[in-house]
Amino acid sequence: MLLKEIKIGNITTPNNLFLAPLAGFSDFAMRQICLNFGAGLTFTEMVSCKGLLYDNENTKDLLYCSQDEKIKCAQIFGNDPYIMRRAIESQALSAFDIIDVNFGCPMPKIFNNGEGSALLQNPSLAEKIVYECSKSGKPITCKIRIGITDGQYVTEDVVKAVVNGGAQMVTVHGRTRDKIYAGEVNYAEIAKAKKVSSVPVIANGGIFTPDDAEKMINETGADGIMIARGALERPWIFAELLGKDVKISKKELINEHIDRLLTRFDDKTVSVIFRKQLCLYLKGEKNSAELKQKLFTYKDVKSIKLAINDFFN
Ligand SMILES: Cc1cc2nc3c(=O)[nH]c(=O)nc-3n(C[C@H](O)[C@H](O)[C@H](O)COP(=O)(O)O)c2cc1C
């Protein structure tokens, strides 16, 4: 696929292959692994602006970055432009170079609060949010969906609104809120976003292989792609897309991932928070069902490492 740098305000990414914000997954360890495989930009999972202002301890973990992360990008959610700007200007986000605003989260808790994908129904508020957030001086990017329900698409209106508000890049997840993460991706709507946008458009949804990436770019004309689940299962997809020769040892990758997490969290915490990711690494591995079940009984990293080393030997 066509590789190119992406300009986001005064920041230039080395390429146009991005790791998506992923709640529960895109922490510092996963982001660094994807960056090492060549991802051009990564995002923290979404953090609540209100949580940031209340100095929530958990939010600090979500925003933790390792020193190697060159371009730091945090994703925030909220619906009050002034609270959101204050959150961006708070100490917790001071180290971040780019702030991405979530206009896509489909979860009822967020949606019913008028946040995430609910804002797709209110382009003028979306514009106001981006306008106010941009006053922070940091480049603001937006991640949107194409609408709430199939057939009632709002892509063009929302893209125009957020670009008018000052967005420096827009990522379009080519599904409606109703589809959550399943079903066909609507390439035509992403293509419409590209047509009306004066800033880079990144296409997201359903990219699991280099062929999917190629198809996405060809069908939409987007400037780049963002990968979510495909990168959790196969973070080396970035190296494949860059045309690098990839020889992967899942055993080594799993051990590396655990060791990275141990630089921040204690042994017991790692043994718990790594389980979901480990199951994704084991996806497609023959005879891994029993191991996946056992993982949920292990309470320390040593047991996990032993089981993994046994499995792959
Ligand atoms: C477990 C999970 C967590 C997610 N968390 C976020 C999030 O925090 N912020 C966000 O904008 N999107 C989030 N998403 C959506 C993804 O970023 C992406 O838009 C979606 O999964 C479609 O891409 P894919 O088909 O490549 O997976 C999440 C998706 C999943 C599956």
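Scope of the values below: all heavy atoms of this structure, side chains included, with no hydrogens, waters or symmetry mates. Whatever order the structure lists them in is the order used to number ligands and atoms, beginning at 1.
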(Q) Can a side-chain donor-acceptor contact be found between S271 and D300 if the only test is distance below 3.5 angstrom? (A) no

Q. Considering only heavy atoms of A20, which atoms of ligand 1 have at least one such atom less than 4.0 Å away?
A. 17 (O)

**Q.** Protein heavy-atom partner closest to atom 12 (N) of ligand 1 - residue, atom, separation in Å
**A.** K143 NZ, 3.0 Å

Q. Of the protein's non-hydrogen atoms, which lies at the shortest distance from atom 18 (C) of ligand 1, and what is that distance?
A. N204 OD1, 3.3 Å

Q: Could you tell me if any non-hydrogen atom of G104 lies under 4.0 Å from any atom of ligand 1?
A: no

Q.
Treating N204 as the side-chain partner and V172 as the backbone partner, does any N or O pair qualify as donor plus acceptor under 3.5 Å?
A. no

Q) Under 3.5 Å between some N or O of ligand 1 and some N or O of A23? A) yes

Q. Which protein heavy atom lies closest to atom 27 (O) of ligand 1, and at what distance to 0.1 Å?
A. R229 NE, 2.6 Å

Q) Among protein heavy atoms, which sits nearest to atom 11 (O) of ligand 1, and what does the distance come to when rounded to 0.1 Å? A) Q75 NE2, 2.8 Å

Q: Assess the side chains of Y181 and H173: does a donor N or O sit below 3.5 Å from an acceptor N or O?
A: no

Q. Between the main-chain N or O of V130 and the side-chain N or O of S134, is there a donor-acceptor pair closer than 3.5 Å?
A. yes

Q: Among all protein heavy atoms, pick the one closest to atom 30 (C) of ligand 1 and tell me residue, atom and distance.
A: L22 CD2, 3.5 Å

Q: Could you tell me whether the side chains of T155 and E189 share a donor-acceptor contact shorter than 3.5 Å?
A: yes

(Q) Looking only at distances, can you tell me whether any N or O atom of M46, backbone or side chain, sits closer than 3.5 Å to an N or O atom of ligand 1? (A) yes

**Q.** Carboxylate-amine/guanidinium proximity below 4.0 Å for K244 and E240
**A.** no

Q.
As an exercise, identify every atom of ligand 1 less than 4.0 angstrom from a heavy atom of N102.
A. 9 (N), 10 (C), 11 (O)

(Q) Whether the D267 and T269 side chains hold a donor-acceptor pair (N or O, under 3.5 Å, no angle test) is what I'd like checked. (A) no

Q: Among all protein heavy atoms, pick the one closest to atom 15 (C) of ligand 1 and tell me residue, atom and distance.
A: Y181 CE2, 3.4 Å

Q | Heavy atom of the protein closest to atom 7 (C) of ligand 1 (residue, atom name, distance) | A | P21 O, 3.5 Å

Q.
Between F111 and C105, is there a side-chain heavy-atom distance shorter than 4.5 Å?
A. no

Q) Among side-chain atoms of E45 and S26, is any donor-acceptor pair under 3.5 angstrom? A) no

Q: Give the residue, atom name and distance (to 0.1 Å) of the protein heavy atom nearest atom 26 (O) of ligand 1.
A: A228 N, 3.1 Å

Q: Number the atoms of ligand 1 from 1 as they appear, then name those within less than 4.0 Å of a heavy atom of G206, with their elements.
A: 24 (P), 25 (O), 26 (O)

